[in-house]
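What follows is one structure encoded as structure tokens, with my remarks underneath.
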Number of protein chains: 2
Amino acid sequence: MNKYADIQAKISDSGLKVTHQRTVILEAVHNMNSHPSVEQIYDYVKESCPSISLGTVYKTAETFVEKGLIAKVSTHEGHMRYDPKLDNHGHIYCTNTAEIVDYYDEELNEVIINFFKKKKVSNLKIKNITLQINGDKIDPDKEISIK
Amino acid sequence: MNKYADIQAKISDSGLKVTHQRTVILEAVHNMNSHPSVEQIYDYVKESCPSISLGTVYKTAETFVEKGLIAKVSTHEGHMRYDPKLDNHGHIYCTNTAEIVDYYDEELNEVIINFFKKKKVSNLKIKNITLQINGDKIDPDKEISIK
DNA sequence: TCCTAAATAGGAATAATTCTTATTTAAGAA
DNA sequence: TTCTTAAATAAGAATTATTCCTATTTAGGA
């Protein structure tokens with residue numbers, strides 16, 4: 001019984017060696033629920049892996065992005081954050097609190113997908129499409145909702 | 001007859017002192033036609049203002065963003081670039097060449113605007129909405145087109 | 001022309017990220 | 001299981017990006 005079994009399966013399936021560092025880093029990105037930065041991942045994984053080095057976290061996060069295990073999101077300020085969710089969704093970035101909030105809308109997805117079906121982008125191999133809303137959170141103690 | 005007249009009017013109208021540095025920096029962002037980075041702006045303006053300091057370019061670019069004279073765009077890699085165009089448009093970011101290409105589509109604009117009219121985002125003061133397509137340019141010598 | 005608050009140059013300080021290399025380790029082969 | 005080896009990691013140096021500090025300069029109003 002290994003609580004990391006599914007995480008390790010993902011790493012292995014992507015063709016990477018399963019190391020303790022990679023396991024805890026991928027688990028962190030999945031469980032932190034906050035689009036963490038490298039530094040935040042580092043702080044989190046030090047609990048279960050105190051000797052891990054920051055360089056390893058940088059390198060591993062990028063490796064996971066290359067392998068399609070996680071996604072990266074760059075904030076309006078140009079800071080890199082990581083996201084375990086690989087499905088189509090948008091991001092709200094709060095410029096005052098640095099929070100990233102996911103939002104899902106099937107209709108909006110469809111409209112965008114249809115747009116790029118109809119229009120032809122030539123000479124470009126599209127990797128991803130991101131719709132990001134940037135703004136200030138008005139009351140920092142309350143949630144942002146979209147409905 | 002001052003070739004900077006319109007540029008300087010913009011600076012002045014936004015409530016900022018009109019300095020030579022600000023003038024050439026704003027002119028650079030408008031005329032470089034390439035969503036330049038701070039470093040690129042710095043190299044460009046050194047021609048007409050050799051003693052300008054890099055710190056001034058950093059500070060001035062951010063000041064212009066605050067005043068709404070230019071926009072900032074963060075690439076998929078988290079690097080900051082500046083954009084003189086303030087109207088609604090999307091960006092294609094080429095991950096292999098670091099180019100940013102503008103694209104305009106009235107229909108897509110409308111769809112997105114309508115979405116945010118219909119849906120209510122609460123507790124957020126929206127500053128801007130960006131739709132960015134990230135991908136590799138296939139033939140680096142040819143243009144990207146969208147039609 | 002004078003005055004003053006704001007802007008700038010220059011460089012130091014800090015932060016973010018990548019690189020280097022010796023050591024360790026995963027995982028396949030024997 | 002043990003051996004082998006290429007790949008991964010730790011640690012910290014190096015590099016790059018950005019901000020900060022302060023003395024000097026300057027725009028623009030009085």
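The chains referred to below are lettered A, B, ... by the order of the sequence lines, with proteins before strands, and numbering in each begins at 1.
Map B:G78 and B:H20 each onto its nearest nucleotide of DNA chain D; the residue landing nearer the 5' end is B:G78. Looking at which nucleotide of DNA chain C each of A:S12 and B:V57 is closest to, the 5′-most match is held by B:V57.
Under the 4.5 Å side-chain criterion, counting only non-hydrogen atoms from C-beta, A:L16 is in contact with A:F64. Within the 4.5 Å cutoff, the side chain of B:Y4 has heavy atoms near those of the B:V24 side chain. Proximity of A:I133 to B:K127: side-chain heavy atoms (C-beta onward) are nowhere separated by under 4.5 Å.
Taking atom CE on A:M80 and atom C1' on C:dT17, their separation rounds to 11 Å, with Å as the unit. At whole-Å resolution of the value, CG in A:L54 and P in C:dC19 are 14 Å apart. Rounded to an integer number of Å, the gap from A:E39 CD to C:dT14 P is 16 Å. As a whole-Å value, the separation of A:E66 CD from D:dA7 P is 15 Å. In this structure, B:K72 atom NZ and D:dT18 atom P are separated by 11 Å, rounded to whole Å. Distance B:I11 CD1 to D:dT26 P: 17 Å, rounded to the nearest Å. Look at NZ on A:K46: it is 17 Å from P on D:dT9, rounded to the nearest Å. Separating the CZ atom of A:R22 from the P atom of C:dT25 is a distance of 15 Å, rounded to the nearest angstrom.
Checked by atom type and distance alone, the side chain of A:T60 pairs as donor or acceptor with a backbone atom of A:T56 at under 3.5 Å.
Listed candidates were C:dT8, D:dA27, D:dA10. Nearest to the side chain of B:Q21 is C:dT8. Nearest to the side chain of A:T19, among C:dT8, D:dT9, C:dA6, sits D:dT9. The listed nucleotides are C:dA9, D:dA8, C:dT8; the one nearest the side chain of B:S51 is C:dA9. Picking from C:dA6, C:dT8, C:dT18 the nucleotide with the shortest atom distance to the side chain of A:Y58 gives C:dT18. With D:dG28, C:dG10, C:dA27 as the choices, the nucleotide that has an atom nearest any side-chain atom of B:S53 turns out to be C:dG10.
When heavy atoms are screened at a 4.0 angstrom cut-off, B:V18 is found touching the sugar-phosphate backbone but no base atom.
Using a 4.0 Å cut-off, no side-chain N or O of A:T56 falls inside it from OP1 or OP2 of D:dT9.
A donor-acceptor contact closer than 3.5 angstrom is absent between the side chains of B:H89 and B:D105. Side chains of B:Q8 and B:D6: no donor on one and acceptor on the other come within 3.5 Å.
Rounded to 10 degrees, the angle separating the terminal helix axes of the helix from C:dT1-D:dA30 to C:dA30-D:dT1, each built from five base pairs, is 30°.
When each of B:H76, B:R81, B:E77 is paired with B:Y93, the side-chain hydrogen bond (donor to acceptor under 3.5 Å, both in side chains) condition holds for B:E77 and for no other.
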